[in-house]
Amino acid sequence: MRIAWITAAPISAIVGGGATYSRSVFRVFEGLPQTPRLIEVPLRSRPMRLGHKLEQGMAFARASLSKLPAKAKFQMPCGAVRALRRKIAAIEPDIAVLGSADLLPCRAALDGVPFVLIAHNVEQQLYEDQVRAAMDRFRFGPAAWWLSRDLAKLRRMETEGVRAANLIIAVSRNDADTLQELGARSPVFVLPPTFPGPLPDHPRPAVERPLKLALVAKMTWWPNRKAVDWLAREVMTRLPSGTAELHLYGPGSERIADRKSGVFGHGFVPDLREVWRAGHIAVCPVHQGGGVNVKVAEAIFNGSPILATPHGLRGLPAMISDPAVAVRGSSAEWIDFLQSNDAEDLASRTPKAETRMLFADSAYVAPLGDALARSHS
């Protein structure tokens, strides 16, 4: 079986939670019993090199003259569909995989080839959150009109694509239910972020104050920036000295460090094993965003206890009953918890093996194979 795996850029060359999730789905496909031949077809040979804001501005400008939304224009270079049609004709795949909903315009190049859609989020819900936040600043005038129009285009693109897909891979049961409400006619297979190999056994630091809180995140993603700002401003600055330290890992984290508040930025970390070995508790303070937080899944798989907001565990209800998972909502609740003996108890725990196996590649290979076979029967 030949599978054309369509991506915006080579998935090995990009960073962030979305790339981690894409690689996990790719690995599960590689493990299918029929040994498929996966042929990666990136629309760009490398990630975009212009600044993120400049690329966004260019996408908005292109979208103003198109039926497509800005998020699709951001991912797809000019002439992408024509070039992709030639590549698909040369490959003659049995199936195509669209690496995200932003790539749904690529359907035009498939010429009837059945396709699988990987849904990292329900994009229209996520974009609606962004538009709503922007509307607080642009209640009137052309900006508000343009954003509303762009959201309508994205809704139409995603809904039509969901209804046309032969199989949809959703990151959580929550998202799967929403996609089915959008009118999905095909099966929706739930595949959370997963990781390869046996469960890791990392050495853990001795439990002592200050507790080291570890947060791995790409700071160019707006829910991550808002989450870090909330945790640093509303929690860390209000803790008594010596209670806890916040250690940030990921691109851009070094620029927002504030040692006086107990916030340390380590920048990009090529080997995340040092995070799991050094941190007492992984934290996920997000209050916005969709899908499943990839770093929550990765922390649990690697045996780290976790402290999260309710939104940080969105789509992961099975984890909440694990004693190594603590859920707190408000800043006052986080402050009280981090000062208590409960925080030290959490730091001493390791998630249960059955919880960690929720995020193992091997748990999903056979079920995905069955779902793929049913979608083409």
Side-chain angles (χ1 to χ4, degrees), residues 9-23 46-57 74 130 133 193 195 202-205 208-239 241-289 293-302 304-309 311-312 331 334-335 338 347:
I11 58 176
S12 61
I14 53 179
V15 298
T20 300
Y21 183 59
S22 295
R23 286 191 281 270
R46 59 192 178 192
M48 293 174 284
R49 291 194 170 184
L50 298 177
H52 190 81
K53 293 292 186 184
L54 179 57
E55 291 283 1
Q56 281 184 323
F74 181 80
Q130 291 176 284
F195 304 90
H202 301 303
R204 300 286 307 286
E208 59 185 4
R209 297 285 185 173
L211 293 176
K212 293 180 173 60
L213 312 179
L215 172 58
V216 183
K218 186 171 71 171
M219 297 306 161
T220 55
W221 182 230
W222 63 274
N224 291 341
R225 292 198 306 271
K226 287 182 174 291
V228 169
D229 182 63
W230 173 83
L231 183 55
R233 186 184 67 251
E234 300 295 334
V235 177
M236 299 306 299
T237 59
R238 301 179 182 183
L239 287 174
S241 177
T243 301
E245 299 173 349
L246 174 59
H247 290 264
L248 304 174
Y249 304 87
S253 61
E254 68 279 10
R255 295 194 294 271
I256 54 178
D258 182 3
R259 288 177 176 265
K260 291 182 180 179
S261 301
V263 180
F264 301 82
H266 299 268
F268 174 73
V269 182
D271 186 354
L272 288 180
R273 285 178 295 184
E274 70 176 78
V275 177
W276 316 127
R277 291 168 179 168
H280 289 112
I281 301 171
V283 293
C284 183
V286 298
H287 292 84
Q288 293 174 291
N293 190 285
V294 173
K295 295 310 177 188
V296 168
E298 191 166 13
I300 290 293
F301 179 79
N302 280 278
S304 175
I306 192 157
L307 169 63
T309 58
H311 194 91
S331 58
W334 276 61
I335 291 167
L338 288 170

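Both backbone and side-chain heavy atoms feed into the values below; hydrogens, waters and symmetry mates do not.
In this structure, the separation between OG on S304 and CG on L272 is 11.5 Å, given to the nearest 0.5 Å. Once rounded to the nearest 0.5 Å, the distance linking NE2 of H247 with NE2 of H280 reads 9.5 Å. A distance of 12.5 Å separates CG in L246 from CG in L211, rounded to the nearest 0.5 Å. Here CD of E254 is found 15.0 Å from CZ of F264. Values are rounded to the nearest 0.5 Å. Interatomic distance, NE2 of H311 versus SG of C284, reported as 8.5 Å (0.5 Å rounding). Taking NE2 from H287 and CG from L231, the interatomic distance works out to 9.5 Å, rounded to the nearest 0.5 Å.
For the residue pair A282 and A299, the shortest heavy atom distance occurs at CB-CB, 3.7 Å. Of all heavy-atom pairs spanning P210 and E245, the tightest one is CG-OE2, 3.5 Å. Taking each heavy atom of G279 and A214 in turn, the nearest pair found is CA-CB, 4.4 Å.
A 4.5 Å side-chain heavy-atom check between L338 and V235 finds at least one atom pair inside the cut-off. In this structure, the side chains of T243 and R209 come closer than 4.5 Å at one or more pairs of heavy atoms. Residues P285 and W334 form a side-chain contact, since some pair of their non-hydrogen atoms from C-beta on lies under 4.5 Å apart. The shortest distance between side-chain heavy atoms of V263 and I256 does not fall below 4.5 Å. Between H202 and R273, some side-chain heavy-atom pair lies under the 4.5 Å cut-off. L213 has its side chain out of reach of L307: every pair of non-hydrogen atoms, C-beta onward, lies at least 4.5 Å apart. Looking at V275 and N302, their side chains never come closer than 4.5 Å, going by heavy atoms from C-beta outward.
When atom types are taken as modelled, the side chain of N224 and the backbone of K218 share a donor-acceptor pair closer than 3.5 angstrom. With R204 contributing its side chain and R277 its backbone, the two residues share no donor-acceptor pair below 3.5 Å.
With sequence neighbours excluded, the residues forming a side-chain contact (heavy atoms from CB on, under 4.5 Å) with A297 are P193, F195, F359, listed by chain and number.
Each of I281, V286, V283 was compared with L215 under the side chain to side chain contact (heavy atoms under 4.5 Å, CB included) criterion, and only V283 meets it.
Classification of the Y249-H266 ring pair by plane angle, with boundaries at 30° and 60°, yields parallel.
One finds a salt bridge joining E298 and K295 here, because a Lys/Arg side-chain nitrogen approaches an Asp/Glu carboxylate oxygen to under 4.0 Å.
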